[in-house]
Amino acid sequence: MCGIYGVFRFDAQAVDPELLSRMGEAIAHRGPDDQGRHVDGACGIGMRRLSVIDPGGGHQPISSAGGGNWLVCNGEIYNFRELRAELQAEGRCFKTASDVEVALHLYEKHGDAFVDRLRGMFAFALWDSKRRRLVIGRDRLGIKPLYVYRTPRMIAFASEAKALLPLLDQGVEIDRSALVDYLHLGYVAAPKSLFAGIAKLPPATMLSVEDMRVDERRYWRLPHAVDASLSEGDWVERIRASIESCVHRQMVSDVPIGAFLSGGIDSSAVVAFMARHSDRPIRTYSIGFEGGKAEALYNELPYARQVAKRFGTEHREIVVRPDVVELMPKLAWQMDEPVADSAAVTTYLVSRFAREDVKVILSGVGGDELFGGYRRYLGVHYLGLLGRVPSPLVRAATGVARRLPSDRHGRLSNLSRLARQFLESAQLTPDERYRSYVRVLDRERVRSLLRAPVDDGFDALAAAFADARSADPVNRLFEVDAATQLPDDLLMLTDRMSMAVSLECRVPLLDEELVELATAVPASLKIKGGRQKHLMKEALKGVLPHDILHREKRGFGTPMGAWLKGTLAASLDSLLSPASIERRGLLEPQAVATLVADHRASRIDGTDALLALMNLELWCRVFLDRRSHDDVADEFLETAA
C-alpha cells in the first residue's frame with residue numbers, strides 16, 4: 001500500500017526533483033516506511049511506501065531487467081503468486097518478491113492489456129522510456145484513488161489531490177459546478193473534484209500520454225447478463241464458496257493483519273471465513289457509542305462481541321463520545337474532498353485504534369451494494385404492494401407523513417421519516433426514485449442555498465443511468481452505485497481514513513470474482529418477498545449465528561443528527577453562522593439558517609445536509625484559506641465553547 005505521484009511535461013523540460021519531493025511529502029502518511037522516485041527528463045514518478053508484501057525488498061519504483069520500464073503502484077495484486085509462477089515458467093526473472101513486479105513483466109508481454117490479468121485494488125503509473133510513454137490506471141471498482149491535473153504544459157497525477165496543490169499556478173479554487181454536485185449528493189462524482197482544475201480518473205480507466213497525445217479508455221465494465229438457469233440452492237453454494245475464496249485470497253500479507261467487526265452480516269462473514277483460514281486467532285476491532293437513546297441505536301458492540309466469541313477472535317473495542325468535534329478539521333484535510341457521511345469519523349477512529357496492532361485490515365464494505373442491502377433497492381417490491389391501495393388513501397397518507405416529526409435517531413420518528421420518503425417518491429420514475437433516496441438536498445433547495453446561480457453541467461447520476469446496461473432492476477441500481485456513490489463516497493472515505501493512519505484496508509466483498517458472480521444473480525433472489533440480502537443470508541446459514549443474520553440493519557455512522565441538536569449545537573452555530581456564511585460568499589445565510597431551524601424542529605432530518613455544509617466550510621478554511629487543520633481546530637473549539 002502506497003501513495004504514488006508524478007509529472008509528465010509536454011514542453012520536454014526536465015521535471016524538477018524538488019517538486020516531486022514536495023508532492024511526496026504531502027502524502028507521506030500513505031507510506032511512512034520507504035520512498036523513492038525516478039526522473040527521466042520530462043517524466044518523473046515517485047511513491048511513498050507502506051511495506052506489506054516483501055517489506056525488505058519491494059522498494060519502488062521498480063524497473064524492468066533492462067531499465068526500460070519503471071513502475072509505481074499503490075495497492076495489492078492478489079493473484080500475483082499465480083502470475084509470477086506463470087511468468088517464471090516462461091523464463092522471466094524477478095528481482096523482488098513483491099506483488100507489483102508482475103505488472104512490469106505483463107506489460108512487456110501484453111502491452112496495455114496487462115491490466116486485464118491483474119486482480120486486486122490498485123492505482124499505478126508505468127513509464128516506458130523507450131517509447132517515452134506514460135501510462136496510469138485505476139482498479140475496476142475504484143478502490144484505490146487517482147487524481148489528475150492537466151495544463152498545456154504538463155499532466156500530473158497523485159493518489160491524493162493535496163499532492164497536486166504545489167502545481168496549481170492560480171492557487172486553490174473551488175469548482176462551482178462540482179459544488180452543485182456536492183450539495184445535491186453529499187460527494188463529488190468522478191471525473192470532477194471540488195478542486196478546480198483537478199479531476200478524478202474514473203474506475204476501470206487507463207490514461208496514456210505519448211507523442212503529445214493523451215488517450216483515456218475504460219478497460220472493464222460490470223457484466224450485465226443475468227443467469228436464470230440456476231436454482232436458488234445452486235446460487236447459495238456458489239456465493240458461499242466465492243465469499244470464502246475471496247476472503248482467503250485477500251489475507252495474503254507479510255505483516256500483521258486484522259478485521260473490522262461491526263456485528264453486521266458483511267463484516268461478520270469476513271471474520272468467519274478469516275477464522276477458517278488462519279492458524280491463530282483473528283484480531284478484530286469494533287467501535288461503539290456512549291450516551292443516551294440516540295447513541296444506543298448506533299451501538300453495535302453487543303453484536304460484535306457475539307461474533308468475536310463465536311470465532312474466538314482477539315477482540316478489542318473503542319467507545320466514542322460526542323466530543324469528536326476537534327477531529328473534523330483534521331479529517332477535512334485527510335479526506336481531500338468533503339463528504340456528507342459521518343462514517344468518516346468512525347472509520348478514522350477505528351482505523352487509528354487498529355493501527356496500534358496491525359498494518360492490514362479487512363472490511364465488509366460492498367456487501368450491501370452487491371446483494372441488495374439498501375432500502376433504495378426495495379422500490380419494485382413495495383410499489384407493487386402500494387399499487388393495491390386506492391390513490392386517495394395514498395395521497396392522504398402522504399399528507400399525514402409530511403406533518404410527522406422526521407428524525408433518524410428515534411424509532412418512531414425514523415419510521416415516519418422513512419414513510420414520508422417512500423410515499424413522496426412512489427410516483428416518480430425508477431431513476432428519479434433512486435435519486436430521491438441517495439440525494440442529500442433536492443435540486444430546488446440546492447438552488448436556494450447558492451448565492452450565485454451555477455450551471456448544473458454534468459449530471460453524474462443521469463450519466464450513470466444512461467450507461468447502465470442491465471435489464472435486472474436491482475443490478476441496474478448496482479451499476480449506478482458502482483459508477484458514483486461506491487467509489488466516490490464509501491470507498492473514498494474508507495481509503496482516506498485508513499491511510500491517514502498508515503493502515504491498509506482491503507475489501508474482499510468487492511473482489512472481482514465475487515462482483516462478477518453477484519451481478520449474474522437475478523433480483524428475485526437478492527431480494528425475496530421484501531427480504532433484503534436474501535441470497536447472501538441463505539449462503540451464510542450455518543456460518544453466522546441466527547441473531548446476526550436476522551438483526552436490524554444499522555449503518556456504520558454516528559448519531560450525528562442528535563449531536564447537532566445537542567452536544568454539537570454550538571459547533572454547528574459557529575461554523576454556519578450568518579457572518580461565516582456571508583464571509584465565504586458561496587451560500588445564502590438565510591437559506592442556511594432555515595435548514596438549521598428545520599432540522600432542530602424535526603420538520604426534516606437534515607443530518608446529512610448540515611454535515612455537508614459544515615464539512616464544506618472546514619474544507620474551505622483548510623484548502624482555500626490555506627490554514628493548518630490544527631489552527632482551524634483550535635478556532636473551531638474556541639468559538640464553539
Starting from the C-alpha separation in whole Å, work towards a yes-or-no answer on salt bridge (charged side-chain N to carboxylate O under 4.0 Å, His left out) for Asp16 and Arg22. CA-CA 10 Å; Asp16 181 4; Arg22 292 170 62 195; over 6 Å; no
Test side-chain contact (heavy atoms from CB on, under 4.5 Å) on Arg153 and Asp169; report intermediate values, then the result. CA-CA 12 Å; Arg153 294 182 294 108; Asp169 294 331; 3.1 Å; yes
Could you check Phe465 against Tyr434 for ring pair (Phe, Tyr, Trp, His ring centres under 6.0 Å), going step by step and ending with a plain yes or no? CA-CA 10 Å; Phe465 270 112; Tyr434 170 94; 5.3 Å; yes
Using the rule given for salt bridge (charged side-chain N to carboxylate O under 4.0 Å, His left out), can you reason through Asp598 versus Arg600, listing the C-alpha separation, both sets of side-chain angles and the distance that settles it, and then say yes or no? CA-CA 6 Å; Asp598 286 346; Arg600 285 181 171 158; over 6 Å; no
Take Arg131 and Glu210 through the salt bridge (charged side-chain N to carboxylate O under 4.0 Å, His left out) test and state the conclusion after the steps. CA-CA 8 Å; Arg131 295 176 59 179; Glu210 185 178 18; 3.0 Å; yes
Between Asp34 and Leu50, is a side-chain contact (heavy atoms from CB on, under 4.5 Å) present by the stated rule, with each step listed? CA-CA 7 Å; Asp34 189 16; Leu50 181 68; over 6 Å; no
I would like to know whether Val7 and Met23 meet side-chain contact (heavy atoms from CB on, under 4.5 Å); could you show each step before the answer? CA-CA 10 Å; Val7 176; Met23 295 173 71; 3.8 Å; yes
With side-chain contact (heavy atoms from CB on, under 4.5 Å) as the criterion, how do Leu595 and Leu610 come out once you've worked through the C-alpha distance, each side chain's angles and the decisive distance to 0.1 Å? CA-CA 8 Å; Leu595 188 61; Leu610 294 179; 3.9 Å; yes
Using the rule given for salt bridge (charged side-chain N to carboxylate O under 4.0 Å, His left out), can you reason through Arg30 versus Asp495, listing the C-alpha separation, both sets of side-chain angles and the distance that settles it, and then say yes or no? CA-CA 10 Å; Arg30 296 187 72 92; Asp495 171 83; 2.9 Å; yes
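Nearest heavy-atom pair across Ser363 and Cys505 is CB-SG, 3.6 Å. Asp139 and Gly120 get closest at one heavy-atom pair: CB-O, 3.8 Å. The heavy-atom pair separating Arg621 from Ser580 by the smallest distance is NH2-OG, 3.3 Å. The two residues Ala163 and Ile27 come nearest to each other via the heavy atoms CB-CG2, 4.1 Å. In terms of heavy atoms, Leu141 sits closest to Pro203 at C-CB, 3.7 Å. Taking all atoms of both residues into account, the shortest heavy-atom contact from Ile45 to Leu20 is N-CD1, 4.4 Å.
Leu461 is not listed as a side-chain neighbour of Asp431, based on a closest heavy-atom distance of 4.5 Å or more. Between Met614 and Leu572 the shortest side-chain heavy-atom distance falls below 4.5 Å. Under the 4.5 Å side-chain criterion, counting only non-hydrogen atoms from C-beta, Val320 is not in contact with Thr558. Residues Arg443 and Asp459 are in side-chain contact: their nearest non-hydrogen atoms beyond the backbone lie under 4.5 Å apart. Counting heavy atoms from C-beta outward, Leu449 and Glu588 have side chains that stay 4.5 Å or more apart. Taking the side chain as every heavy atom from C-beta outward, His29 and Gln334 approach each other to under 4.5 Å. The side-chain heavy atoms of Val255 and Pro55, taken from C-beta on, include a pair separated by under 4.5 Å. Contact annotation: the side chain of Arg218 approaches that of Asp467 to within less than 4.5 Å [non-hydrogen atoms, C-beta and beyond].
Separating the CD atom in Gln485 from the CG atom in Leu185 is a distance of 8.5 Å, to the nearest 0.5 Å. One finds the CG atom of Leu616 at 10.0 Å from the CG atom of Leu575 (value rounded to the nearest 0.5 Å). A distance of 4.5 Å separates CD1 of Ile77 from CG of Leu118, quoted to the nearest 0.5 Å. The CG atom of Leu503 sits 9.0 Å away from atom OH of Tyr285, with the distance rounded to the nearest 0.5 Å. Atom CD1 of Ile287 is separated from atom CG of Leu349 by 5.0 Å, given to the nearest 0.5 angstrom. Expressed to the nearest 0.5 Å, how far CZ of Arg584 lies from CG of Leu586 amounts to 7.0 Å.
Side-chain contact of Asp128 with Tyr107: a donor-acceptor pair under 3.5 Å is present, judged by distance alone. Looking at Ser159 and Arg48, their side chains never bring a donor and an acceptor atom within 3.5 Å of each other. Judged purely by distance below 3.5 Å, without hydrogens or angles, the side chains of Asp175 and Ser177 pair a donor atom with an acceptor atom. Under 3.5 Å, the side chains of Gln35 and His59 contain no donor-acceptor pair of N or O atoms. Glu337 and Tyr147 share a side-chain donor-acceptor pair at under 3.5 Å. Judged by distance alone, the side chains of Asn69 and Trp127 never bring a donor and an acceptor atom under 3.5 Å apart.
By the 6.0 Å contact criterion, CD on Glu356 is enclosed, its count of non-hydrogen atoms from other residues, nucleotides or ligands being greater than 12.
A donor-acceptor pair under 3.5 Å is formed between the side chain of Ser351 and the backbone N or O of Thr347. Here the side chain of Lys200 pairs a donor or acceptor atom with the backbone of Val188 at under 3.5 angstrom. Ser448 places a side-chain N or O within donor-acceptor distance of the main-chain N or O of Arg445, the cut-off being under 3.5 Å. In this structure a side-chain-to-backbone donor-acceptor pair under 3.5 Å is missing from Arg9 to Gly41. Looking at Asp33, its side chain does come within 3.5 Å of a backbone N or O of Ser51 through a donor-acceptor pair. Between the side chain of Asn74 and the main chain of Cys2, a donor-acceptor pair closer than 3.5 Å is present. In terms of modelled atom types and a separation under 3.5 Å, the side chain of Thr484 and the main chain of Val480 share a donor-acceptor contact. Put simply, the side chain of His599 never gets that close to the backbone of Asp605: no donor and acceptor are under 3.5 Å apart. Between the side chain of Glu479 and the backbone N or O of Leu222, no donor-acceptor pair lies under 3.5 Å. A donor-acceptor pair under 3.5 Å links the side-chain atoms of Asp336 to the main chain of Ala161, judged by distance alone.
A salt bridge links Asp112 with Arg133; the closest basic N to acidic carboxylate O contact falls under 4.0 Å. Under the 4.0 Å criterion applied to side-chain N and carboxylate O atoms, Glu504 and Lys144 are not assigned as salt-bridge partners. Ion pairing between Asp215 and Arg213 holds under the 4.0 Å rule for side-chain N and carboxylate O.
Ring geometry, His38 versus Trp70: the interplanar angle falls under 30°, so the pair is classed parallel (tilted spans 30 to 60°).
Tested against Trp619, the residues Tyr182, Trp333, Phe195 include a single ring pair (Phe, Tyr, Trp, His ring centres under 6.0 Å) partner, Phe195.
Aromatic rings of Phe8 and Phe157 (six-membered ring for Trp) have centroids beyond the 6.0 Å cut-off, not under it.
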